[in-house]
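Start at 1 and go down the list; that is how both ligands and their atoms are numbered. Bear in mind that the values here come from a model prediction, so they are computed numbers and not experimental data.
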Amino acid sequence: MKRKPVIAIDGPAGSGKSTIAKLVASGMGFHYIDTGAMYRAVTLKALGEGTDRKNEAALSELAGRTKIDFVYGDRLKVFLDGAEVTDEIRLPEVSKASSDIADSRGVRAALVKKQQEMGKAGGVIMDGRDIGSMVFPDAEVKIYLDASVEERAERRFKELSGKGIKTGQEQVRKDIEERDRRDRERPFGALIKMNDAVTLDTTGLTIEQVAAKISGIIKGKL
Ligand code: DC
């Protein structure tokens with residue numbers, strides 16, 4: 001039997017992927033899979049265990065004994081080895097350390113395998129950096145979401161402030177620029193625009209406008 005469609009949304013940090021993917025997924029009755037949350041969960045575990053973030057063997061071993069689950073409800077909840085970590089994985093120190101974890105080939109191999117397993121029946125919208133290139137290169141729809149670095153930093157700053165996380169706007173921008181560089185230069189699983197992806201720049205657009213455009217792209221492709 002042919003699987004249901006897989007929709008891959010890739011793009012840099014703060015481009016609005018998760019907000020949009022969640023909204024469009026609920027409108028279409030699809031499951032939303034936040035692959036960034038999976039890298040964040042492994043990062044949180046590595047920080048908690050004090051794992052050397054440059055030790056490839058230790059990181060691979062850690063990823064191999066990590067269980068990550070999503071629980072769907074009003075809000076997407078993330079569980080790491082059975083304990084809820086939905087809010088903890090968004091802390092700035094986890095965001096920062098996640099670039100090292102995402103560089104690990106062993107971690108990537110383990111997570112890509114899990115993501116392929118989670119999406120194999122289709123009916124999913126998956127967002128990340130390497131979904132259209134590595135996880136589901138045969139995805140029925142591929143979207144590359146982008147936005148100016150200024151706007152992405154502003155969105156992230158507001159999101160963090162709204163959660164009561166204290167940080168400065170300039171610091172958020174610097175962190176985003178550094179994460180962009182790391183995401184684009186990674187030798188394995190780097191963020192790239194695939195030729196068969198539709199690019200959408202969300203600078204200056206509202207969430208509703210972006211969601212409407214994405215729904216239009218998906219309808220046009222399926
Ligand atoms: O999208 P995000 O900010 O939640 O991602 C967290 C980290 O994981 C970030 O450093 C990029 C990395 N990542 C990745 O390498 N590949 C993915 N498919 C998703 C995220």
Side-chain angles (χ1 to χ4, degrees), residues 6-22 32-47 53-54 56 59-60 62-63 66 68 70 76-78 80 85-119 124-137 139 142-147 149 152-153 155-160 163 165 167 172-194 197 202:
V6 170
I7 294 158
I9 304 187
D10 290 302
S15 56
K17 299 183 302 288
S18 61
T19 311
I20 298 304
K22 244 180 262 170
Y32 165 54
I33 300 171
D34 177 354
T35 65
M38 299 169 79
Y39 286 90
R40 287 169 178 274
V42 175
T43 304
L44 187 65
K45 181 158 169 167
L47 288 170
R53 302 206 303 267
K54 299 285 175 201
E56 176 57 29
L59 289 177
S60 288
L62 181 141
T66 299
I68 299 166
F70 291 116
L76 179 72
K77 291 184 178 169
V78 186
L80 167 65
V85 294
T86 313
D87 293 325
E88 248 179 301
I89 58 168
R90 302 289 157 198
L91 291 170
E93 56 268 33
V94 176
S95 304
K96 234 181 163 148
S98 70
S99 292
D100 284 340
I101 302 302
D103 277 348
S104 157
R105 276 179 185 253
V107 171
R108 297 205 76 87
L111 294 187
V112 166
K113 194 162 158 249
K114 268 188 219 280
Q115 291 153 12
Q116 288 171 335
E117 190 58 34
M118 291 167 107
V124 296
I125 298 192
M126 201 174 274
D127 81 354
R129 306 291 188 286
D130 59 345
I131 312 305
S133 58
M134 306 288 288
V135 184
F136 281 103
K142 295 184 188 178
I143 293 167
Y144 186 92
L145 270 197
D146 212 346
V149 72
R152 291 188 288 122
R155 287 180 192 163
R156 194 43 63 91
F157 177 70
K158 282 191 186 147
E159 186 188 325
L160 291 171
K163 287 185 182 153
I165 298 170
T167 175
V172 173
R173 185 196 162 117
K174 274 197 195 128
D175 289 349
I176 282 208
E177 281 173 337
E178 175 60 8
R179 225 134 57 83
D180 280 359
R181 187 186 66 73
R182 300 279 303 263
D183 282 341
R184 294 194 168 111
E185 292 177 3
R186 181 164 294 130
F188 190 73
L191 171 66
I192 45 160
K193 261 187 223 177
M194 297 296 285
T202 68

Indicate yes or no: does [X] engage [Y] in a salt bridge with an N to O separation below 4.0 Å.
| X | Y | value |
| --- | --- | --- |
| D100 | K54 | yes |
| D180 | R156 | no |
| K113 | E117 | no |

| Which of the atoms in ligand 1, numbered in the order shown and given with their element, are less than 4.0 Å from a heavy-atom of D183? |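 So the atoms of ligand 1 that pass are 11 (C).
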| field | Atoms in ligand 1 with a heavy atom of S99 nearer than 4.0 Å | value |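 Within the 4.0 Å cut-off of S99, ligand 1 contributes 10 (O).
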Please confirm whether [X] comes within less than 3.5 Å of ligand 1 when only nitrogen or oxygen atoms on both sides are compared.
| X | answer |
| --- | --- |
| R40 | yes |
| D34 | no |
| R129 | yes |

Can you tell me if [X] contacts ligand 1 (heavy atom of the residue under 4.0 Å from the ligand)?
| X | result |
| --- | --- |
| M38 | no |
| R186 | yes |
| A13 | no |

| message | I'd like to check the side-chain hydrogen bond (donor to acceptor under 3.5 Å, both in side chains) partners of Y144; sequence neighbours left out, ordered by chain and number. | response |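 In terms of side-chain hydrogen bond (donor to acceptor under 3.5 Å, both in side chains), with neighbours along the sequence ignored, Y144 is linked to no residue.
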| request: Quick one: list whatever passes side-chain hydrogen bond (donor to acceptor under 3.5 Å, both in side chains) with K17, sequence neighbours left out. | output: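 With sequence neighbours excluded, K17 shows a side-chain hydrogen bond (donor to acceptor under 3.5 Å, both in side chains) to no residue whatsoever.
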Quick one: look up the protein heavy atom nearest [atom] and list residue, atom name and how far away it is.
| atom | result |
| --- | --- |
| atom 12 (C) of ligand 1 | A102 CB, 3.8 Å |
| atom 18 (N) of ligand 1 | D130 OD1, 2.8 Å |
| atom 16 (N) of ligand 1 | R108 NH2, 3.0 Å |
| atom 8 (O) of ligand 1 | Y39 CB, 3.3 Å |

| query | Given K142 and D10, is the salt bridge (Lys or Arg N to Asp or Glu O under 4.0 Å) satisfied, shown in steps? | reply | CA-CA 8 Å; K142 295 184 188 178; D10 290 302; over 6 Å; no
| query | What do we get for V135 next to ligand 1 when only non-hydrogen atoms under 4.0 Å count, side chain, backbone, both or neither? | reply |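 Answer for V135: neither.
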Least distance between heavy atoms, [X] atom then [Y] atom:
| X | Y | value |
| --- | --- | --- |
| D34 | F70 | O-CZ, 3.3 Å |
| A41 | L80 | O-CD2, 3.6 Å |
| R155 | A147 | NH1-CB, 4.0 Å |

| request: Pick, from S18, A37, S98, S133, the option with the minimum heavy-atom distance to atom 7 (C) of ligand 1. | output: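 Result: the heavy atom closest to atom 7 (C) of ligand 1 is in S98.
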| Considering D103, T35, I131, which one's heavy-atom position lies nearest to atom 19 (C) of ligand 1? |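 The option holding the nearest heavy atom is T35.
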| query | Taking everything shown except K114 itself, do over 12 heavy atoms lie less than 6.0 Å from its NZ? | reply |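 Counting neighbours around NZ of K114, more than 12 heavy atoms of other residues, nucleotides or ligands fall under 6.0 Å, so yes.
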